[in-house]
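Computed from a prediction, not measured in an experiment: that's the story for all the values here. Here, residue 1 is the first one in the sequence, and each next residue gets the next number.
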Amino acid sequence: MDLLDDLDPAQRAAVTSQAAPLAILAGAGSGKTRALTRRIAYRVHTGEAEAGHVLAVTFTRKAAGELRNRLHALGVDGATVGTFHALAWAQLRRRALDDGRWAPAILRDKARLVPRHVATRIERAKAQGIGPAGDPDYEHYEAEKRRLGLLDFDDLLLHCAQAVEDDPAFAKALRWRFRHFFVDEYQDVNPLQFRLLRAWLGDRLDLTVVGDPNQSVYGWNGADPTLLARFAEHFPTAESARLDTNYRSTGAIVTVAASVLPEATGGAGPPRPPRHADRPGASVPTVRACDTERDEADAVARAVRLARAPGTPWSDIAVLVRTNAQLRLLEAAFRARAIPHASPGNAWLRTTETRAALRALVDTPPAVPFRSAVKDLTTEPLAELAAEYQRFDRAPSGPGFVSWLHAVVRPHDRDGQGNAVTLATFHGAKGLEWPTVFVAGLEDGLVPVAGGDDDEERRLLYVALSRAVTSLHCSWAAERNGRARQPSPWLADIEAAVAAVAAVAAPAPVALRPRRCPPKGDGDAVLDALRRWRANQAKAARVPAAAVVPDAVLAAVARARPTTPGELQAVLGPMKAAAFGPSLLAVVAGAGS
């Protein structure tokens, strides 16, 4: 195949650019993986790079596998592809074996040695390159780790960077082998990873990075989005290319997703560019208000069953929420309706069969070749990982495999899901897509999460909304855990965007009918009056009624019957109360009397 034939002009420019370094700014659904793999293949096929000297860095094993498969399909074999942690592990292990030493074992969970909140603080500090000096908990953790002869995940990066920086022979060998560097999801790079990348590069500039500043959502975990925004400062000869056409989602979904973005990314970077959609489709996203979180979970489960067309797989559908805790009610609702759904985490790693297989591999005599030791593995994910491991270790062994497994497979990584509806957090959905997506729990305190950075939380919501290909459904609950909730402050932006695309797609009034969870018979005089008031407001503004005040909130006002602006604000929220306060209080007072 011709590597350029099916690329649009922006993609073709990014693939063929002679810039070094090059930053490709690629929006959601714009074909960033295609541009990255085509750029690698183009440079190999034109003789500008050698496959065996290519190092491509990704952030997940799944992304690494996808990139490797695409390169193979393009006729490029021999490139080294992996995550920062997998690559660092392989390099440290090779160095240790060459020096006649055993590579240290991996500490899979810092919470084995310190409380969870301390482990989180230490992990963030390490990602930012901050040492333990002056922090007693951090110092205790490091001492315990040394006593046990363990390295944690961050140590892999730190020790590898230090080895390259301090050992000229090691650095020379690595830099001879790796000459052409490619980094995916560059907006998620943290300072420690950047240090390792700079160590690998040395004084060379053959670097291509791909990233989207609007999908930088790991600041809480140490990622530094300014590394992408300031790329030209770190590499003064750098140039950039931009991919703005979305080939994943319909125009309606692109419009709704973009409505929640901040005008600038994290206070740094240029204003957001216009977004274009290439996929046709007339389905208008929906917004549904529910009375309680249980009502919402039931409504989502019912809607998922209705959304699945006959003969289509359940795996075409995903339900996304902000926190893991929100998944439990959804799982219960799905079980009640016998809807197959995914469970998070590598559950197969904890089975008796897998543990026995790993013990047997550790105990395998050195004389038995690794390929023979793993040929009878019956756990499919374990067999796939064994094959992947052999690409990283030139002297594969049972103990080496277990060490590598602990270094690259995190407990929270998601399984291959099969034919099941995916239930995931916004973070867990990053990099994925589904024809139909439900985004639930759009309430203040969850979206944004309490204490979160507003710009990053906006970007995280954008990530969730932009996973949808053809159908997008949003919902929230007016009561959660027995407490009244307000809609997300960004739900109004979503509703306004929905109204705009609905008016273009189908201006007939029936198309603007608001959706809600099944009513609970709350048809009293106050609620009836409020509904009439809302209908007049919606007609005057030419928007759906739910864009004025959602059904569940209107019902909450009717139940509370506020008599003062403060009471109304407690139910309606400050923005809506400021906009509609006097007239709403008058309606409540008039109907109540």
Take V15 and L4, measure what side chain to side chain contact (heavy atoms under 4.5 Å, CB included) needs, and give me the verdict at the end. CA-CA 8 Å; V15 167; L4 305 179; 3.8 Å; yes
Please report the C-alpha distance between K430 and E185 in whole Å, then the side-chain angles of each, then the deciding distance to 0.1 Å, and finally whether the salt bridge (Lys or Arg N to Asp or Glu O under 4.0 Å) criterion is met. CA-CA 10 Å; K430 190 166 179 289; E185 302 286 6; 3.2 Å; yes
L74 vs Y42, test: side chain to side chain contact (heavy atoms under 4.5 Å, CB included). Steps then yes/no. CA-CA 9 Å; L74 295 171; Y42 179 82; over 6 Å; no
For D454 and W490, what are the C-alpha separation, side-chain angles and deciding distance, and is it a side chain to side chain contact (heavy atoms under 4.5 Å, CB included)? CA-CA 10 Å; D454 271 6; W490 305 318; 4.2 Å; yes
Worked check of side chain to side chain donor-acceptor pair (under 3.5 Å) between T292 and R480: CA-CA 6 Å; T292 71; R480 189 174 295 272; over 6 Å; no
Should D6 and R38 be marked as a side chain to side chain contact (heavy atoms under 4.5 Å, CB included) after you check the CA-CA gap, both sets of side-chain angles, and the distance that decides it? CA-CA 11 Å; D6 56 349; R38 293 296 178 87; 2.8 Å; yes
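For the pair H473 (side chain) and S471 (backbone), a donor-acceptor distance under 3.5 Å is absent. Remark: side-chain polar atoms of N190 are not paired, donor with acceptor, to backbone N or O of G222 under 3.5 angstrom. For T425 (side chain) and G428 (main-chain N/O), a donor-acceptor pair under 3.5 Å exists by modelled atom type. Checking side-chain atoms of S488 against main-chain N and O of D444 turns up no donor-acceptor pair under 3.5 Å. Under a 3.5 Å cut-off, the side chain of Q215 and the backbone N or O of D212 do not form any donor-acceptor pair. Side chain of Q11 to backbone of A35: no donor-acceptor contact under 3.5 angstrom is found. Of the possible donor and acceptor atoms, one in the side chain of R39 sits under 3.5 Å from a partner among the backbone N and O of A14. Listed for the T312 side chain is a donor-acceptor partner under 3.5 Å among the backbone atoms of A309. In this structure, E239 contributes its side chain and A23 its backbone to no donor-acceptor pair below 3.5 Å. No side-chain donor-acceptor contact under 3.5 Å links T208 to the backbone of L22.
For the residue pair I339 and A301, the shortest heavy atom distance occurs at CD1-O, 3.4 Å. Shortest non-hydrogen contact noted between C290 and D295 is CB-CB, 4.2 Å. The two atoms that bring V76 and A51 nearest to each other are CG1-CB, 4.0 Å, heavy atoms only. Summarising the geometry of S249 relative to S466, their closest heavy-atom pair is OG-O, 3.9 Å, with the distance given to 0.1 Å. Nearest heavy atoms, L320 versus A464: CD1-O, 3.7 Å. Between L7 and L3 the shortest heavy-atom distance is CD1-O, 3.5 Å.
More than 12 non-hydrogen atoms from other residues, nucleotides or ligands lie less than 6.0 angstrom from CZ of R337. Counting heavy-atom neighbours within 6.0 Å of H45 NE2, excluding the residue itself, gives a total above 12. Within a 6.0 Å sphere centred on CZ of R12, other residues, nucleotides and ligands contribute more than 12 heavy atoms.
Within the 4.5 Å cutoff, side-chain heavy atoms of V287 are placed close to those of L491. In this structure the side chain of R43 reaches within 4.5 angstrom of the side chain of F182, judged on heavy atoms. Within the 4.5 Å cutoff, the side chain of L461 has heavy atoms near those of the L442 side chain. For the pair D298/R302, a side-chain contact is recorded, criterion being any heavy-atom separation below 4.5 Å from C-beta on. Side chains of V319 and F334 form a contact here, defined as non-hydrogen atoms less than 4.5 Å apart. By the 4.5 Å heavy-atom criterion applied to side chains, R305 and W314 are counted as neighbours. The side-chain heavy atoms of L25 and L228, taken from C-beta on, include a pair separated by under 4.5 Å. Counting heavy atoms from C-beta outward, N419 and S315 have side chains that approach closer than 4.5 Å.
Once rounded to the nearest 0.5 Å, the distance linking OG1 of T83 with CD of Q193 reads 9.0 Å. In this structure, the separation between OG on S216 and CG on D224 is 8.0 Å, given to the nearest 0.5 Å. D184 contributes atom CG, which lies 10.5 Å from atom CD of E66 (distance to the nearest 0.5 angstrom). How far CD of E433 is from OG1 of T470: 10.5 Å, rounded to the nearest 0.5 Å. Taking CG from L460 and CG from D455, the interatomic distance works out to 12.5 Å, rounded to the nearest 0.5 Å. Note that the OG1 atom of T58 and the CG atom of L67 stand 7.0 Å from one another [nearest 0.5 Å].
Electrostatic pairing of E443 and R322 does not count as a salt bridge here, judged by no charged N lying under 4.0 Å from a carboxylate O.
The cationic atom of R467 (NZ for Lys, CZ for Arg) does not lie both less than 6.0 Å from the six-membered ring centre of W434 and within 45° of the ring axis.
Under 3.5 Å, the side chains of D8 and Y247 contain a donor-acceptor pair of N or O atoms. Of the N and O atoms on the side chains of E296 and S475, at least one donor lies less than 3.5 Å from an acceptor on the other residue.
Checked options V284, T286, D493, L472; the residue passing with V498 is V284 (criterion: side chain to side chain contact (heavy atoms under 4.5 Å, CB included)).
Using a 30° and 60° split on the angle between ring planes, H427 and Y218 fall in the tilted class, from 30° to 60°.
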